[in-house]
Amino acid sequence: MKVYLDNAATTPLDKEVFAAMTPYLLEYYGNPSSHHAHGRAARAAIEEARRTIAAHLNASPEEIIFTSGGTEADNTAIISAIYENGVKRVITTPFEHHAVLHTLQEQQKKGSIELEYIRHDERGNLDLDHLEHLLAEEKPTLVSVMHANNEVGNLNDIEQIGKLCKTYSALFHSDTVQTMGHYRFDLQKLNVDFLAASAHKFHGPKGVGFLFCRKGIKQARLLQGGGQERSLRAGTENIHGIIGLAKALEIACCHLDEHQQHVVKIKESLIGQLTQLFPDVSFNGNSGLLDRSLYTVLNVSLPASGVSLLGHLDEEGIAASGGSACSTGYRSHVLTALKADPSREHIRFSFSKYNTLTEIDYLVETLIALYQEIAA
Ligand code: PLP
């Protein structure tokens with residue numbers, strides 16, 4: 001049996017998304033900047049995709065800028081805040097993805113910003129009183145806090161953080177790479193200035209995403225060249241990717257409740273079975289709490305097995321991971337910040353609409369067989 005439980009790393013492409021993309025590889029291959037009919041068809045499709053995305057987020061189409069994915073969107077947001085909007089200090093968390101953390105740390109090293117971290121408890125819950133205390137010090141500030149963590153799934157209260165940012169006139173960037181397509185966003189209500197998203201986390205293609213940059217906030221040009229994306233992001237548009245991104249978001253938003261209910265059942269089943277069968281199991285961060293974590297992620301802490309648990313699962317056809325796919329081979333900075341016991345096994349299982357309860361039963365049987373083998 002082949003079981004894919006690494007959906008926080010990437011999700012399988014939805015066949016309907018693939019079908020929507022193929023005409024833009026085979027028939028409508030014009031360069032969107034060309035003035036002839038081929039080019040005009042491609043341009044029209046891109047602008048339609050932008051309108052679709054904007055409509056699902058209650059944003060304006062001109063606030064959506066297509067990028068090569070979440071990393072570029074995060075980098076653009078941070079560089080824009082510092083170099084185009086006068087930010088001198090950034091307040092963030094130690095749990096951010098490296099697309100955010102490394103960008104910020106490099107700017108700190110260059111002396112462009114002061115960098116501060118919000119205090120948190122042992123489960124990774126952010127201390128918003130501390131954030132408010134930091135914000136009260138008047139400095140041109142960007143707050144960069146992800147909506148949900150990609151390793152342990154902790155959900156942050158971006159609504160409340162947005163309100164604090166508004167009160168203290170700070171800019172707010174949220175990495176929503178793990179939540180876009182899985183939660184609803186109303187950007188007329190949510191006070192966020194920048195938001196980053198990536199298609200391959202919600203059954204779209206890899207290598208495409210978008211940055212939401214609120215009207216009135218200046219955006220930096222990371223890439224120099226042609227006048228694409230209103231001269232804000234040079235380079236011929238990834239048209240089939242953009243079409244796939246919009247289609248994937250449309251499907252995700254239209255079926256959100258149904259998919260959420262299905263995936264929650266999968267996560268509940270795994271939590272229930274593991275808790276019952278492994279007396280020494282625990283869940284990292286807020287992962288085991290359904291109301292405080294991303295429903296697609298469960299980060300499990302099991303007793304040391306003495307073997308490569310992930311390797312063994314892989315041999316049995318089960319794909320999971322130890323954390324972020326981008327940092328494979330390194331000790332996770334998220335688990336380090338949570339002071340997770342390094343002598344235990346920490347495995348991230350992440351789910352999608354395509355997983356089944358039968359797959360979860362198979363995973364649990366495989367884990368039990370492995371631990372019995374070790375004990376024997
Ligand atoms: N931010 C988070 C929270 C992620 O999980 C990821 C990818 O794993 C990224 C950013 C980077 O996105 P992309 O792979 O599209 O560059």
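In listed order, ligands and their atoms are each counted from 1. Every heavy atom of this structure was used, including side-chain atoms; hydrogens, water molecules and symmetry mates were not. This chain uses plain numbering: 1 for the first residue, then up along the sequence.
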Subject >> ligand 1 contacted by K201 (non-hydrogen, < 4.0 Å) >> reply: yes
Original post:
Short list, please: which atoms of ligand 1 are under 4.0 Å from a heavy atom of S198?
Top reply: 13 (P), 15 (O)
Subject >> Numbering as shown, the atoms of ligand 1 that approach H200 to under 4.0 Å (heavy-atom distance) >> reply: 13 (P), 14 (O), 15 (O)
Original post:
Just wondering, are more than 12 heavy atoms of other shown residues or ligands nearer than 6.0 Å to CD in E138?
Top reply: no
Subject >> Neighbour count >12 (heavy atoms, 6.0 Å) for atom CD, E27 >> reply: yes
**OP:** Please check if any side-chain donor atom of K201 sits under 3.5 Å from a side-chain acceptor atom of T296, or the reverse.
**Re:** no
Original post:
What atoms in ligand 1 come closer than 4.0 Å to a heavy atom of T71?
Top reply: 11 (C), 12 (O), 13 (P), 16 (O)
**OP:** Could you list which atoms of ligand 1 come closer than 4.0 Å to a heavy atom of M146?
**Re:** 3 (C)
Subject >> Subset of ligand 1 atoms that lie under 4.0 Å from at least one heavy atom of G69 >> reply: 15 (O)
**OP:** Report, in ascending order of atom number, the atoms of ligand 1 lying under 4.0 Å from any heavy atom of D74.
**Re:** 1 (N), 10 (C)
Original post:
Are E47 and R50 within salt-bridge range, i.e. N to O under 4.0 Å?
Top reply: yes
Subject >> Any side-chain donor near an acceptor of the partner, Q260 and Y183, under 3.5 Å >> reply: no
Original post:
Looking only at N/O atoms, are G70 and ligand 1 under 3.5 Å apart anywhere?
Top reply: yes
**OP:** Heavy-atom distances under 4.0 Å are what count here, so tell me which part of N149 touches ligand 1: side chain, backbone, both or neither.
**Re:** neither
Original post:
Distance from E62 atom CD to C213 atom SG, nearest 0.5 Å?
Top reply: 11.5 Å
Original post:
Do D280 and R344 pass the salt bridge (Lys or Arg N to Asp or Glu O under 4.0 Å) test, and can you show the C-alpha distance, the side-chain angles, and the key distance before you say yes or no?
Top reply: CA-CA 10 Å; D280 199 13; R344 285 172 65 88; 3.2 Å; yes
